[in-house]
Amino acid sequence: MKILVVEDELKTGDYLRQGLMEAGFIVDLLRNGEDGLYAALSEAYDLAILDVMLPGMDGWSVLKGIRNSGRELPVLFLTARDEVDDRVRGLELGADDYLVKPFAFAELLARVRTLLRRGAKGKEAETLRAADLDLDLMRRRVTRAGKRIDLTAKEFALLELLLRRQGEVLPRSLIASQVWDMNFDSDTNVIEVAVKRLRAKVDDGFEPKLIRTVRGMGYVLEVPE
């Protein structure tokens, strides 16, 4: 599952990203409303966590932009403002939940999981696809040309990340933080080994080849033109 966090407080934002990643989520952290809205409208997220008081464009405006676009992205407001009018305004604009700072991370995580379960019940199992490669998120199953491909948990997470950001060159540092929850160490070849093993399972014996190394930059999954 992929979560967008829009929070301008440095410590709070980093705390949220670290905690959610440790809980198994892929997390994008942005620091202002304009970037948050752009990401929400251009990327595929399962949930957004928005602060109300953001520089440039506040959380209300970000939420309004998301809802005006027709997206049904679940939104959790996270803010220091606890006035009843603020909570009512957020819910009326289309927020799904509202949590006031300071908060216990366990409560935040429980609310996040509740919203995600609620969203999963309202739609069919989500599938990520590239050419004849299918990744079923609900059943944790991968097939290519109808053939079942068995992946480890890390390989599945790596493939999910590549598919969600299809066509985007992902640097090793991003893969390390999102999949292994670690800072990239240039002396380790864990990323290269993992990609090699994943490519052997996903690409060997199939056409077209989907996973490509971009020398000096990282890796990309895309369907060749």
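Atom CD of Gln166 and atom CG of Leu133 lie 8.5 Å apart (nearest 0.5 Å). With values rounded to the nearest 0.5 angstrom, Leu161 atom CG is found 5.0 Å from Leu170 atom CG. For the atom pair CD1 of Ile26 and CZ of Arg17, the computed distance is 14.0 Å after rounding to the nearest 0.5 Å. The CG atom of Leu20 lies 5.0 Å from the CD1 atom of Ile49; values are rounded to the nearest 0.5 Å. Between the CG atom of Leu162 and the CD atom of Gln178 there is a distance of 11.5 Å, given to the nearest 0.5 Å. Atoms CZ and CG, from Phe25 and Leu109 in turn, are 6.0 Å apart once rounded to the nearest 0.5 Å.
Using modelled atom types and a 3.5 Å distance limit, the side chains of Thr213 and Arg199 yield a donor-acceptor pair.
A salt bridge links Arg165 with Asp28; the closest basic N to acidic carboxylate O contact falls under 4.0 Å. Between Glu192 and Lys196 there is no salt bridge, since none of the side-chain N atoms of the basic residue sits less than 4.0 Å from a carboxylate O of the acidic one. Of the charged side-chain nitrogens involved, none lies within less than 4.0 Å of a carboxylate oxygen, so that Asp46 and Lys2 do not count as a salt-bridged pair. Salt-bridge formation is not detected for the pair Asp203/Lys209: no Lys NZ or Arg NE/NH1/NH2 atom is positioned less than 4.0 Å from an Asp or Glu carboxylate oxygen. Salt bridge Glu155/Lys201: present, at least one basic N to carboxylate O contact under 4.0 Å. Ion pairing between a basic and an acidic side chain is recognised when a charged N comes within 4.0 Å of a carboxylate O; Arg67 and Asp96 show such pairing. Between Lys11 and Glu9, no side-chain nitrogen of the basic residue sits less than 4.0 Å from a carboxylate oxygen of the acidic one, so the salt-bridge criterion is not met. A salt bridge links Lys101 with Glu7: the closest approach of a Lys/Arg side-chain nitrogen to an acidic carboxylate oxygen falls below 4.0 angstrom. Between Arg129 and Asp134 there is a salt bridge, since at least one side-chain N of the basic residue sits less than 4.0 Å from a carboxylate O of the acidic one.
For Arg31 against Gly13, the heavy-atom pair with the smallest separation is NH1-CA, 3.9 Å. Minimum heavy-atom separation, Tyr45 to Ile3: CD2-C, 3.8 Å. Leu73 and Ala48 get closest at one heavy-atom pair: CD2-CB, 3.7 Å. Contact record, Ala39 with Leu30: CB-CD1, 3.5 Å, taken as the closest heavy-atom pair. In plain terms, the two heavy atoms of Pro224 and Leu210 that are nearest each other are CD-CD2, 4.4 Å. Here the closest heavy-atom approach between residue Leu47 and residue Pro74 is recorded as CD1-O, 3.3 Å.
Clustering ILVMFWY residues whenever any of their side-chain heavy atoms sit less than 4.5 angstrom apart, transitively, puts Leu174 in the very cluster that holds Ile191. The hydrophobic clustering, which links ILVMFWY residues whose side-chain heavy atoms are closer than 4.5 Å, places Val169 and Val195 apart. Placement of Leu41 and Tyr38 in two distinct hydrophobic clusters is found when ILVMFWY residues are connected by side-chain heavy-atom separations under 4.5 Å, directly or transitively. Grouping the Ile, Leu, Val, Met, Phe, Trp and Tyr side chains by contacts below 4.5 angstrom, directly or via other members, places Ile175 apart from Met217. By the criterion of side-chain heavy atoms lying less than 4.5 angstrom apart, applied directly or through intervening Ile, Leu, Val, Met, Phe, Trp or Tyr residues, Ile211 is not grouped with Val220; the two fall into different hydrophobic clusters.
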- Message: Trp60 vs Leu93, test: side-chain contact (heavy atoms from CB on, under 4.5 Å). Steps then yes/no.
- Response: CA-CA 8 Å; Trp60 311 125; Leu93 284 172; 3.9 Å; yes
- Stepwise side-chain contact (heavy atoms from CB on, under 4.5 Å) test for Leu76 and Leu108: CA-CA 9 Å; Leu76 169 65; Leu108 172 85; 3.5 Å; yes
- Apply the test salt bridge (Lys or Arg N to Asp or Glu O under 4.0 Å) to residues Arg111 and Asp97: give CA-CA distance (whole Å), side-chain angles for both, the deciding distance (0.1 Å), then the verdict. CA-CA 8 Å; Arg111 294 192 183 209; Asp97 204 352; 3.0 Å; yes
- Task: Carefully, step by step, assess Leu128 and Arg164 under the rule side-chain contact (heavy atoms from CB on, under 4.5 Å).
- Result: CA-CA 7 Å; Leu128 302 177; Arg164 284 190 181 277; 3.6 Å; yes
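The only option from Asp51, Leu99, Leu63 that meets the side chain to side chain contact (heavy atoms under 4.5 Å, CB included) definition with Phe77 turns out to be Leu63. Here the rule is side chain to side chain contact (heavy atoms under 4.5 Å, CB included) with Glu160, and of Leu151, Val179, Leu137 only Leu137 fits it.
By the 4.5 Å heavy-atom criterion applied to side chains, Val142 and Phe156 are counted as neighbours. Considering only heavy atoms from C-beta on, Leu135 stays 4.5 Å or farther from Thr127 through its side chain. Counting only heavy atoms from C-beta outward, the side chains of Leu29 and Asp14 approach each other to under 4.5 Å. At a threshold of 4.5 Å between non-hydrogen side-chain atoms, the residues Leu115 and Val75 do not count as touching. A heavy-atom distance below 4.5 Å is found between the side chains of Val193 and Arg197. Looking at Leu221 and Tyr219, their side chains never come closer than 4.5 Å, going by heavy atoms from C-beta outward. For the pair Lys147/Phe206, a side-chain contact is recorded, criterion being any heavy-atom separation below 4.5 Å from C-beta on. Looking at heavy atoms from C-beta onward, Leu16 lies in side-chain contact with Leu78 at the 4.5 angstrom threshold.
In terms of modelled atom types and a separation under 3.5 Å, the side chain of Arg71 and the main chain of Ala40 share a donor-acceptor contact. Although no hydrogens or angles enter the test, the distance criterion places a donor-acceptor pair under 3.5 Å between the side chain of Thr114 and the main chain of Ala110. Looking at Asp58, its side chain never comes within 3.5 Å of a backbone N or O of Leu54 through a donor-acceptor pair.
Atom CD of Glu72 has 12 or fewer heavy atoms from other residues, nucleotides or ligands within 6.0 Å.
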